2 protein chains.
Amino acid sequence: MTNAETILIIDDEVQIRRLLEITLSANGYKISEASTGKDGLIHAATTHPVLIILDLGLPDADGIEILKKLREWYLKPIIILSVRNSEEDIIHALDNGANDYLTKPFRTGELLARIRVAIRQSQGTSDDPILTFGSLTIDLASHTVRKKNEILKLTSTEFSLLALLAKNEGRVLTHQFILKEIWGMGYLEQTQYLRVFMAQLRKKVEDDPAKPTLLNTESGIGYRFGG
Amino acid sequence: MTNAETILIIDDEVQIRRLLEITLSANGYKISEASTGKDGLIHAATTHPVLIILDLGLPDADGIEILKKLREWYLKPIIILSVRNSEEDIIHALDNGANDYLTKPFRTGELLARIRVAIRQSQGTSDDPILTFGSLTIDLASHTVRKKNEILKLTSTEFSLLALLAKNEGRVLTHQFILKEIWGMGYLEQTQYLRVFMAQLRKKVEDDPAKPTLLNTESGIGYRFGG
DNA sequence: TGTAGAATATAAATAATTTATAAAGAATAA
DNA sequence: TTATTCTTTATAAATTATTTATATTCTACA
């Protein structure tokens, strides 16, 4: 797993950190925390977060100085979270490289939306996560499978089946489990379906369908993708 | 001086427009103004502003709808200026493509700073939103499609459909998603519309409509533009 | 290690579903 | 009005799912 979705929180108030930790992780982000400016700079350099939430009122340093230090090399979004509400503070922060500025107390839903905006903008053209297995690539988001860069024509069921197996690479999935996931509860006995579709998939996906390297049979149990 | 620094203000309150006009021109920006949503869309398409300031409470249309319409082709920053202060409104606007959201009354210095942030970030965003696929070009701003330099005559629905698919090149879009985007929530069951329009589009866009290379069918799922 | 029985693979036939397309009628705008 | 676009209907064509039949491979056990 990469640090791709990590957000760094630099704030000395433990309650704020706790609140943000709960809110952000509930929304699928990983969290990294620091309670001082110095610590924050170290964390930023080591964890490479996709976004930093920075409090201006830190105990050991002026928040603006931390902001400037970060901006010497950190190009991703920085959102300021501060009790200071003067126009001067806001302008100063924004002109020194902050992407957004929210005053405490803040509304968590709004913060989340502003985080989404910032991340959206920092990714130019976002590429989908792609599962790669040798010359085979599976793009779950765009629903496409390529083999040596050629798009494979899979039916909707074939794609679901391949995706289910690939997402569980190396794990043996029982017939029952696969049937339940793809066809639903009423089809637990239809192992022949599975055989027909597996043969179909192998014909399209494997170099030599008779000697499968990706779609492996576990006789009497189920199927396993890869090693 | 070019039009490169023009900011478009879409707001029905004349006092606000006057205030912004004075403030912004004092800071070196050129101004373009519109008092209705319809007018705003026209101004945006003709003056190509570097940034748009949009009021949500327009007399002739819902501001969010104007925002969505703009975002079909306008890639530069849009800052919302609104009296509405509910978290719901803010989240909704930000999630529909707004870059920032300020509530009236606002502080002019802060607005200027947020404009600077937005413009700073949009540097590097390509200027004219024209999608090119072989001999086919789609100009999202002027709503024109050319094939081998010949302008194709598309109806507005046909254009929206083609643009939606092209903007998501290589991605399979489900029937439901396309219907929701083009016709709205009430039409999720009307897959036959889609078929009729896709046939229509292929007749106009493809070299051989019977063997489409751009407008591909994913049976049982939806459609995909290109590979 | 050889063999019977069970499990699996695969092709091919048939059924069901989905899609393409033309064309007619309805709504809308110039 | 007239022309354009949208919506509906009908039907042919294509694709996909399911069933059937048969060959092959695997596993347990003598």
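Quick note on labels: first sequence line is chain A, next is B, and so on, each numbered from 1. All figures in this text were calculated on a predicted structure; none of them were measured in a lab.
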- [ ] In whole angstrom, give the distance that lies between atom NZ of A:Lys211 and atom C1' of D:dT25.
- [x] 13 Å

TODO: Would you list the pairs meeting side-chain hydrogen bond (donor to acceptor under 3.5 Å, both in side chains) in which at least one residue belongs to residues 194-203 of chain B, sequence neighbours left out?
DONE: B:Gln192-B:Arg195, B:Arg202-B:Thr217

Task: Short side-chain N/O contact from B:Thr155 to OP1 or OP2 of D:dC6, under 4.0 Å - done: yes

Open item on the list: I need the NZ-P distance between B:Lys204 and D:dT4, as an integer number of Å.
Closed with: 11 Å

TODO: In whole angstrom, give the distance that lies between atom CZ of A:Phe159 and atom C1' of D:dT15.
DONE: 18 Å

TODO: Quickly work out the B:Glu158 CD to D:dT4 P distance and round it to whole Å.
DONE: 13 Å

- [ ] Applying side-chain hydrogen bond (donor to acceptor under 3.5 Å, both in side chains), name anything that partners B:Asn27, two or more places apart in sequence or on another chain.
- [x] none

Task: For atom CG of A:Leu201 and atom P of C:dT10, their distance in whole Å - done: 12 Å

Task: Side-chain N,O (B:Tyr193) to OP1/OP2 (D:dT8) below 4.0 Å - done: yes

Task: Selected nucleotide, minimal atom distance to A:Trp183 side chain, candidates D:dT18, D:dT5, D:dA17 - done: D:dT18

Open item on the list: Could you work out, with side-chain contact (heavy atoms from CB on, under 4.5 Å) as the rule, every residue matching A:Ile221, not counting sequence neighbours?
Closed with: A:Val172, A:Thr174, A:Glu218

- [ ] Take nucleotides 19-28 of chain C nucleotide by nucleotide from the 5' end and write B, S or -, depending on whether a protein heavy atom sits under 4.0 Å from the base, only from the sugar-phosphate, or from neither.
- [x] BBBS------

Task: Under 4.0 angstrom between B:Ser156 side-chain N/O and D:dT5 OP1 or OP2 - done: no

TODO: Please determine, by modelled atom types, if B:Thr157 and B:Thr155 share a side-chain donor-acceptor pair under 3.5 angstrom.
DONE: no

- [ ] Please report, rounded to the nearest Å, how far the P atom of C:dT10 is from the CG atom of A:Leu215.
- [x] 11 Å

Donor-acceptor contacts, no H, no angles, side chain residues 55-67 of chain B, under 3.5 Å, sequence neighbours left out:
{"from": "B:Asp55", "atom 1": "OD1", "to": "B:Gly57", "atom 2": "N", "distance (Å)": "3.2"}
{"from": "B:Asp60", "atom 1": "OD1", "to": "B:Gly37", "atom 2": "N", "distance (Å)": "2.9"}
{"from": "B:Asp60", "atom 1": "OD2", "to": "B:Gly37", "atom 2": "N", "distance (Å)": "3.3"}
{"from": "B:Asp60", "atom 1": "OD2", "to": "B:Lys38", "atom 2": "N", "distance (Å)": "3.1"}
{"from": "B:Asp62", "atom 1": "OD1", "to": "B:Ile64", "atom 2": "N", "distance (Å)": "3.3"}

Open item on the list: Quick test of your reading: applying ring-ring contact (aromatic ring centres under 6.0 Å, His included), list the pairs with at least one residue in residues 194-227 of chain B, sequence neighbours left out, ordered by first then second residue.
Closed with: B:Phe133-B:Phe225, B:His175-B:Tyr223, B:Trp183-B:Phe197

- [ ] Tell me, yes or no, whether the heavy-atom count around A:Tyr74 atom OH, taken from other residues, nucleotides or ligands under 6.0 Å, exceeds 12.
- [x] yes

Task: Nearest-Å distance for atom pair CD/C1', residues A:Gln200 and D:dT19 - done: 14 Å

Open item on the list: Just N and O in the side chain of B:Lys153: are any of them under 4.0 Å from OP1 or OP2 of D:dT5?
Closed with: yes

- [ ] Calculate the interatomic distance between A:Leu161 atom CG and D:dT16 atom C1'; express it in whole Å.
- [x] 15 Å

